[in-house]
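Quick notes on the structure that follows.
Counting convention: from 1, in listed order, for ligands and their atoms alike. Just so it is clear, the model here is predicted, and its values are computed rather than measured. Values below: all heavy atoms of this structure, side chains included; hydrogens, waters and symmetry mates excluded. This chain uses plain numbering: 1 for the first residue, then up along the sequence.
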Amino acid sequence: AALSHVMGAYAVGVMSLGAPECLVVAKRGAGSVVLGLGAGETFVASDVPALLPYTRDVIVLEDDDVAVISAAGAALSSLDGHPVAREPARIAWDAAMAEKGHYPHFMLKEIYEQPRAIADTFRGRVSIDDGDVMLPELADASGVTDVDRVVLVACGTAYHAAMLGRAMVERFAGLPAEVELASEFRYRDAVVGARTLVIAVSQSGETADTIGAVKAARAKGCPVIAVTNVMGSALAREATAVVSMQAGPEIGVASTKAFVTMLVALYLFGLWLGRERGALTPRDIAKSVADLVEVPALVEKALEVEAAMAALAREVATARSVLYLGRGHQHAIALEGALKLKEISYIHAEGYAGGEMKHGPIALVTDGLPVVALAPRDGAYDRMAGNIEEVRARGARVIAVTNAGDDRVAATADVVVEVPATAELLAPLVTVVPLQFLAYHVAVGLGRDVDRPRNLAKSVTVE
Ligand code: M6R
């Protein structure tokens, strides 16, 4: 009764001395409430991982749900007292997946889980024999293929994944695509409608800005695909259909395995959309599928750079500022590498498109400035090699991420980090790995709280 007078967002649990055997929980807007259903016991938590040691059967409350919890179970109703039926979901993760194991930090564990998480995300969704992609979850997604353009919305690391998702949609589906920060899109009167497909990318599915952007898009009639790690999340419920990532629980605030699995989910969706719209030949699809299934082994190989990045981190930890440069698909990785370093080490870092250097940032280059340059052998390689020469000539200390056997960049850079080569659209899944290790080891070296950096939350459920 009291909650019917409450304005705004809340997630509450209430006990009364008069009824000590039960707990009343309710939620609206920001924040999540998850019920765990055990045998003769019932749990309440704000997120699924907390429940996993006790049960994998959960109910995620929706806005204006009220649940009366007792050892026998949960009785759900709406705020105005009408009974509500919600099917429990069975969580595929187990408690061990939400624990650190022998790793000192969740972030390091999650970096090492990437080959498995990538494979889990495409497993059962591609057929190597048929050279095809299957996303049965989209069978009933109405209006998703009949569109003229695509807008991707996301925040933080998910935004960087969305930048690459744009390239995948353009390449595979031949549709014009844009990418926008969800926090901007939601407050802009964007010109979108039923023929604009919105793809919202969010690990947690609870990011307030991304949900706000989706609500704004839905109000204008856009079909919405959610790419998320949490089925049953607020974002998943708002969307027309969901393409899940199978990262497993990501606990470290710095997103790592969620990033690479977002890329896999977007790649699969791009291929599916291209096939449905007749924009790809069976041969194109078969080749793209074959490239994808190689990626877990290539990322596994890239994990071997950890010791080299740990050594390099000792030097980078003394820097006041670090510049990350990339072009084409590697621009998003430059932004992602800089974000990782800032958020967990608190060292200032900037990610830039190499071609923008001459338009301002080159003035920042002084003797000894660490510049992390992403230079795999792709269509932007020669121009990137030129950027490396430019900054090197001005005294920068260049750490170049390249593919094995590279001569030109290796001859110019101060430090060369080699990772395996792969198809251009998939190269970001490999080149991001050394940057994750670099941020991690700089932060550890500086004694930072790697998994819980200051001022940050894992899910940003407020504006
Ligand atoms: O759960 P989401 O993917 O929506 O989260 C978006 C951002 O808050 C998140 O990626 C944030 O930038 C990470 N801390 C980056 O490591």
Side-chain angles (χ1 to χ4, degrees), residues 30-32 46-49 105-108 110-111 114 117 121 152-165 179-186 198-215 224-239 242-245 247-266 324 332-346 349 351 432-433 435-440 442-443 448-463:
S32 60
S46 60
D47 206 352
V48 169
H105 299 99
F106 279 110
M107 181 180 175
L108 190 61
E110 289 161 4
I111 292 173
Q114 291 179 115
T121 302
L152 296 103
V153 293
C155 301
T157 285
Y159 175 78
H160 303 149
M163 287 173 72
L164 291 156
V179 57
E180 211 169 319
L181 292 166
S183 52
E184 292 296 320
F185 179 90
R186 66 182 295 196
V198 169
I199 304 177
V201 188
S202 170
Q203 185 282 130
S204 61
E206 298 294 343
T207 298
D209 283 323
T210 309
I211 294 165
V214 165
K215 286 188 170 156
V224 176
I225 293 291
V227 172
T228 183
N229 199 28
V230 184
M231 297 304 285
S233 59
L235 180 67
R237 295 196 303 270
E238 284 291 334
V242 181
V243 178
S244 64
M245 311 136 51
E250 188 180 69
I251 312 288
V253 164
S255 194
T256 52
K257 64 176 179 170
F259 177 68
V260 292
T261 53
M262 281 167 187
L263 296 184
V264 175
L266 288 163
Y324 288 73
I333 301 306
L335 297 178
E336 175 61 6
L339 175 61
K340 286 293 88 100
L341 188 72
K342 295 187 242 221
E343 71 178 330
I344 59 170
S345 76
Y346 317 148
V432 75
V433 172
L435 277 46
Q436 295 169 338
F437 279 134
L438 182 63
Y440 172 78
V442 170
R448 309 297 192 221
D449 186 346
V450 172
D451 285 332
R452 278 179 300 179
R454 70 184 180 204
N455 306 340
L456 291 172
K458 180 65 184 159
S459 301
V460 185
T461 55
V462 291
E463 262 187 81

Q: Answer yes when D449 and R454 have at least one side-chain N-carboxylate O distance shorter than 4.0 Å, and no when they do not.
A: no

(Q) Any heavy atom of S459 closer to ligand 1 than 4.0 angstrom? (A) no

Q. Hey, does S255 come in under 3.5 Å of ligand 1, counting only N/O atoms on both sides?
A. yes

Q: Scan side-chain atoms only and decide if K340 and S345 contain a donor-acceptor pair under the 3.5 Å cut-off.
A: no

Q.
At under 4.0 Å between heavy atoms, is it the side chain or the backbone of M107 that contacts ligand 1, or both, or neither?
A. neither

Q) Any non-hydrogen atom of M262 lying under 4.0 Å from ligand 1? A) yes

Q.
Would you say the rings of H160 and F259 are close, in the sense that their centroids are separated by under 6.0 Å?
A. no

Q | Distance filter under 4.0 Å to A254 heavy atoms, resulting ligand 1 atoms | A | 16 (O)

Q: Applying side chain to side chain contact (heavy atoms under 4.5 Å, CB included) between V153 and each of V198, I199, V201, report the one that passes.
A: V198

Q: State, without any angle test, whether Q114 and T256 hold a side-chain donor-acceptor pair at a distance under 3.5 Å.
A: no

Q. Within the side chain of E110, is there an N or O that forms a donor-acceptor pair under 3.5 Å with the backbone of I251?
A. yes

Q: Show which atoms of ligand 1 fall inside a sub-4.0 Å distance from at least one heavy-atom site of K340.
A: 15 (C), 16 (O)

Q) Considering only the protein, which heavy-atom contact is closest to atom 10 (O) of ligand 1, and what is its distance? A) T157 N, 3.1 Å

Q.
Return the closest protein heavy atom for atom 8 (O) of ligand 1 as residue, atom name and distance.
A. V460 CG2, 4.0 Å

Q) Heavy atom of V253 under 4.0 Å from ligand 1? A) yes

Q. Of all the non-hydrogen atoms in the protein, which one sits nearest to atom 1 (O) of ligand 1, and at what distance?
A. S204 OG, 2.7 Å

Q) How close do A239 and I225 get, heavy atom to heavy atom, and via which atoms? A) CB-C, 4.4 Å

Q) Any nitrogen or oxygen of E343, main chain or side chain, under 3.5 Å from a nitrogen or oxygen of ligand 1? A) yes

Q. In the protein, which heavy atom is nearest to atom 5 (O) of ligand 1, and how far is it?
A. T207 OG1, 3.5 Å

Q. Are the side chain of T228 and the backbone N or O of V230 linked by a donor-acceptor pair below 3.5 Å?
A. yes

Q. What protein heavy atom sits nearest atom 7 (C) of ligand 1, and how far away is it?
A. C155 O, 3.7 Å

Q | 4.0 Å heavy-atom contact, E206 with ligand 1 | A | no

**Q.** Nearest-contact summary for atom 3 (O) of ligand 1 - protein heavy atom, Å
**A.** Q203 N, 2.7 Å

Q.
More than 12 heavy atoms of other residues, nucleotides or ligands under 6.0 Å from CZ of R237: yes or no?
A. yes

(Q) I'd like to know if the side chain of N229 and the backbone of A247 have a donor-acceptor N/O pair within less than 3.5 Å. (A) yes

Q: Give the atoms of ligand 1, by number and element, whose distance to some non-hydrogen atom of A158 is under 4.0 Å.
A: 3 (O), 10 (O)

